[in-house]
Structures are given as C-alpha cells and as structure tokens.
There are 2 protein chains.
Amino acid sequence: MTKETAQIKQSFTEGLSHISHFWGFPKGVGAVFAVLYLSPAPLSLDELVTQSGLTKGAVSTNVRALARLGLVRRSAKLGDRKDYYEAETDFYKAIRSILGERQNREFDRAVRSVQETLEKLQAAKGSMQEAERKFLIERVQALQDFFDAIDALSRAVSKLDSLGISTVQNILKILK
Amino acid sequence: MTKETAQIKQSFTEGLSHISHFWGFPKGVGAVFAVLYLSPAPLSLDELVTQSGLTKGAVSTNVRALARLGLVRRSAKLGDRKDYYEAETDFYKAIRSILGERQNREFDRAVRSVQETLEKLQAAKGSMQEAERKFLIERVQALQDFFDAIDALSRAVSKLDSLGISTVQNILKILK
DNA sequence: TAGAACGTTTAGTATTTACTAAACGAAATA
DNA sequence: TATTTCGTTTAGTAAATACTAAACGTTCTA
C-alpha cells in the first residue's frame with residue numbers, strides 16, 4: 001500500500017469517525033467501519049487493530065456494536081478459526097436495521113414513560129384542578145400520538161423493503 | 001400546583017430528558033422542553049430556572065438550542081422586557097426544522113469530507129495501483145450516493161410540508 | 001494435557017461533555 | 001449618569017464516556 005493510499009484511507013476514516021460521533025455513536029465505530037468498508041476482503045480482528053490504530057479491546061467492542069446494527073457481517077474462512085468481518089454495502093438495508101435496533105431498545109422504554117404519564121393523569125381525576133388536568137392530558141396525548149406516528153412510519157419503511165424495492169428511492173419517486 | 005401534579009410533571013420531565021439524551025442532545029434540552037410543553041402560558045427564563053431545577057446559565061444555553069432547533073418559540077409580553085418562551089406543539093414542523101438544522105451543520109461538513117476523499121482518489125491516477133483505485137472509487141462513490149439520497153429525502157419531506165399537509169401522515173397514507 | 005491462539009471482559013485512565021457559580025455587558029429606568 | 005434588571009459568557013468542576021492494558025476463559029493444536 002503506497003503512502004498516498006494510506007493517507008487517503010486515513011482521512012476517509014477520520015471523516016466517518018466524525019459522522020459516527022455526530023449521529024451519537026462512538027467515534028471508534030465509524031473508524032472500524034471505514035477500515036472494513038475500504039477493504040476488498042474480510043478482515044480479522046488483528047488486522048482491524050493494525051489498520052484502525054485502536055486496541056484489541058476497543059475493536060472487539062466496536063465491531064460487535066457494528067454487527068448488532070447490521071453495518072457489518074461476521075464471516076469465516078475455512079480452516080481458520082479467526083473471526084472475519086466485512087462491511088455491509090447495502091446502506092438501505094443497514095439503515096433499516098439501525099432504525100429497528102434504535103426503536104426496540106431505549107427509545108421504546110422512553111416512549112413508555114410518556115405513556116405512563118398519560119395514565120397517571122387519567123387516574124388523577126379529582127386530585128387536581130380539572131382544567132389543568134384536561135390541558136395536560138391533551139398535550140401529553142399529542143406527544144404520544146406523534147411517537148406512535150414515528151413508530152408507524154418506521155414500520156412502514158421496513159415493510160416497503162420487504163417488497164424488494166429500494167426504500168428511499170421509492171419514497172422519493174412517490175414524492176416527486 | 002398540587003403535590004401530585006408536581007410529581008407527574010417531574011416524571012414526564014425525566015422521561016423527555018432521557019429521550020433527549022438518547023437522540024444525542026443534552027438532557028437539559030429535554031428537561032427545559034418538558035417544562036415548557038406542560039405550561040399553558042409562555043415562561044420567562046427565571047420561571048424556567050425554578051421549574052427545571054437548572055441554573056440560569058444552563059437554561060439559557062439549552063433554551064437557545066431549542067429555539068435553533070425550532071422546538072421552542074421566543075415570545076414577548078408587552079411592557080415586559082423579559083424573554084418568554086413557549087413550546088412548539090406542531091411536532092411535524094419541529095422535526096423538519098431539526099432535520100434541516102442537522103443537515104446544514106456538522107453533517108454537511110462530514111459529507112464533504114467523503115466528497116474530498118473521492119476527489120483525491122480521482123486525482124491519484126498513476127500514483128497507486130489501478131485495480132485498488134478503481135475499487136476504492138466505487139465504494140466511496142456508493143457512500144456518496146447514499147448521502148445524496150438521504151439529503152434528497154430530507155428535502156422532499158420539507159417540500160411535502162409546503163403543500164400544507166401533515167408530512168408523516170401523508171407518507172403513511174401513501175405507503176399503506 | 002500442556003501450550004498457543006483467539007475474542008471478551010475488567011479495572012483503571014484520559015477525554016469529553018454539560019453543568020454551576022459568578023462575572024459581565026447591554027438595556028431600561030430613576 | 002447611577003442603578004437595577006435582564007440574558008450571556010466564562011472559568012472551574014463533576015459526571016459520563018470510550019479508550020488502553022492486562023487478565024481471563026475457551027477452543028484448537030502439538
């Protein structure tokens with residue numbers, strides 16, 4: 001690998017680290033993905049360590065996060081017990097996977113807390129001023145509705161894909 | 001305000017703080033928004049300080065962030081030079097504003113770094129192995145295309161709104 | 001079955017982030 | 001023009017986060 005190639009890869013990696021951080025993931029996640037994305041062949045953990053500049057522990061953590069997000073696939077070489085990883089190149093597939101992942105974890109729990117607030121308000125009949133209660137219920141309900149819509153949208157996007165058509169491009173076609 | 005009301009507001013605020021943090025914003029941003037969202041009337045900075053439990057400096061910072069994101073509107077009372085703030089209750093409007101904001105700042109810069117990588121690769125004819133160069137160009141170009149599609153989608157969503165119809169609900173109707 | 005080759009986990013640390021407290025500057029009022 | 005009333009900015013700090021280095025458990029090999 002020439003010096004110039006290395007330099008180009010380096011700056012690309014920094015760019016993706018930055019994007020990763022911007023979207024709320026660790027920078028290392030972006031760095032590891034960048035290395036994999038610019039590799040024609042699957043890489044082992046040790047190769048990732050070398051090329052990313054991170055330590056084994058960090059790479060292990062980050063690459064597992066990427067796999068969970070669907071941005072990276074594990075693969076194996078016959079007669080080699082090392083794990084190999086390669087980048088997912090279908091981004092539409094990846095983004096759906098990310099949405100799904102985000103949806104099902106923290107987000108869901110947080111949304112539930114709004115739901116709980118609503119229930120508490122419903123139950124508070126009598127123990128607070130009726131006008132205020134009505135106002136609060138209205139507002140919290142509106143937020144709840146919004147979250148539900150986001151959720152439905154997310155599901156719809158996933159569904160669209162199962163038809164085998166590229167999601168984003170299709171929405172665009174419709175909106176044109 | 002009864003003790004129970006305060007308690008309900010409190011737990012709602014904690015929920016939104018959590019959501020805020022989950023989406024990569026400071027928790028204080030969620031807390032301040034929650035207080036405003038549950039208030040029937042616009043609140044001054046000092047009232048926000050009292051009700052959110054944060055200090056003036058923190059509220060000042062967070063409420064300004066919210067205003068930039070379009071989640072909060074500044075308003076004024078006649079004969080009162082205090083700033084007042086109220087929550088945006090049209091979430092579809094707000095989410096578009098957020099998308100726009102995110103698009104135009106860091107994200108844009110990060111995307112530009114991918115663009116630069118591509119240009120460097122184009123210019124590297126001769127100074128690196130041709131097969132490798134071709135592979136790298138292909139991959140980086142694919143990423144670039146993906147970002148462009150995201151950008152186009154975001155623009156399309158904004159455009160849809162300018163027709164005066166509720167964005168998300170419409171996409172859903174189409175996808176059904 | 002001893003040793004080597006892996007990936008994961010843990011304890012400690014550095015960095016980043018968002019806060020508080022207080023100083024500050026601008027604008028209104030007296 | 002002195003004083004009060006605001007919102008913002010700054011310097012310092014506390015908390016959260018993501019890293020390194022090293023220990024560890026497991027699986028394969030000799």
Side-chain angles (χ1 to χ4, degrees), chain A residues 13-14 16-36 42-69 71-86 105-106 110, chain B residues 13-14 16-36 42-69 71-86 105-106 110:
Chain A
T13 300
E14 279 163 16
L16 281 205
S17 299
H18 193 235
I19 291 176
S20 174
H21 178 245
F22 176 64
W23 288 105
F25 301 104
K27 288 203 287 183
V29 162
V32 170
F33 180 79
V35 169
L36 284 173
L43 298 177
S44 71
L45 198 111
D46 279 334
E47 289 167 323
L48 282 174
V49 168
T50 308
Q51 294 194 35
S52 71
L54 300 174
T55 57
K56 217 161 51 138
V59 170
S60 173
T61 303
N62 288 324
V63 89
R64 231 170 333 130
L66 282 165
R68 262 196 333 136
L69 290 170
L71 279 164
V72 149
R73 280 194 307 271
R74 274 190 148 91
S75 68
K77 278 186 190 172
L78 271 79
D80 184 344
R81 69 187 173 94
K82 284 200 196 78
D83 290 346
Y84 285 85
Y85 301 93
E86 56 185 328
R105 310 187 99 250
E106 299 283 322
Chain B
T13 300
E14 279 163 17
L16 281 205
S17 298
H18 193 235
I19 292 176
S20 173
H21 177 244
F22 176 64
W23 289 106
F25 300 104
K27 288 202 288 184
V29 163
V32 171
F33 180 79
V35 170
L36 285 173
L43 297 178
S44 70
L45 199 113
D46 279 333
E47 289 167 325
L48 282 174
V49 168
T50 308
Q51 294 195 34
S52 71
L54 301 175
T55 57
K56 214 162 52 140
V59 171
S60 173
T61 303
N62 288 326
V63 88
R64 231 170 332 131
L66 282 165
R68 264 197 329 137
L69 290 170
L71 279 166
V72 149
R73 280 194 306 274
R74 276 189 146 91
S75 67
K77 279 187 188 167
L78 271 79
D80 185 342
R81 69 188 175 90
K82 284 200 196 78
D83 289 345
Y84 284 85
Y85 301 93
E86 56 185 327
R105 311 188 97 250
E106 300 283 321

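In what follows, chains are A, B, ... by sequence order, proteins preceding strands, each numbered from 1.
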Pairs: protein N or O with nucleotides 14-17 of chain C N or O, under 3.5 Å:
{"from": "dT17(C)", "atom 1": "OP1", "to": "His21(A)", "atom 2": "NE2", "distance (Å)": "3.0"}

Whole angstrom value for the distance that separates P of dG7(D) from CG of Leu66(B): 16 Å
Side-chain donor-acceptor contact under 3.5 Å, Tyr84(B) with Arg74(B): no
Partners meeting salt bridge (Lys or Arg N to Asp or Glu O under 4.0 Å) with Arg64(B) (sequence neighbours left out): none
Partner residues of Glu14(B) under the side chain to side chain donor-acceptor pair (under 3.5 Å) criterion, sequence neighbours left out: Gln10(B)
Give me the distances for all protein-to-nucleotides 20-22 of chain D N/O pairs that come in under 3.5 Å?
{"from": "dT20(D)", "atom 1": "OP2", "to": "Thr55(A)", "atom 2": "N", "distance (Å)": "3.0"}
{"from": "dT20(D)", "atom 1": "OP2", "to": "Thr55(A)", "atom 2": "OG1", "distance (Å)": "2.6"}

Gap between atoms CG and C1', on Leu45(A) and dT26(D) respectively (whole Å): 16 Å
With sequence neighbours excluded, residues passing side chain to side chain donor-acceptor pair (under 3.5 Å) with Glu47(B): Ser44(B)
Atom-to-atom span, CG of Asn62(A) to C1' of dT9(C) - whole angstrom: 15 Å
Gap between atoms CZ and P, on Arg64(B) and dC6(D) respectively (whole Å): 18 Å
Side-chain (Thr61(A)) to main-chain (Gly57(A)) donor-acceptor, under 3.5 angstrom: yes
Whole angstrom value for the distance that separates C1' of dA18(D) from CZ of Phe25(A): 15 Å
Residue of the set Val49(B), Val35(B), Val63(B), Asp83(B) for which side-chain contact (heavy atoms from CB on, under 4.5 Å) holds with Leu43(B): Val35(B)
Proximity to DNA chain D (any heavy atom under 4.0 Å), residues of residues 74-83 of chain B only: Arg74(B), Arg81(B), Lys82(B), Asp83(B)
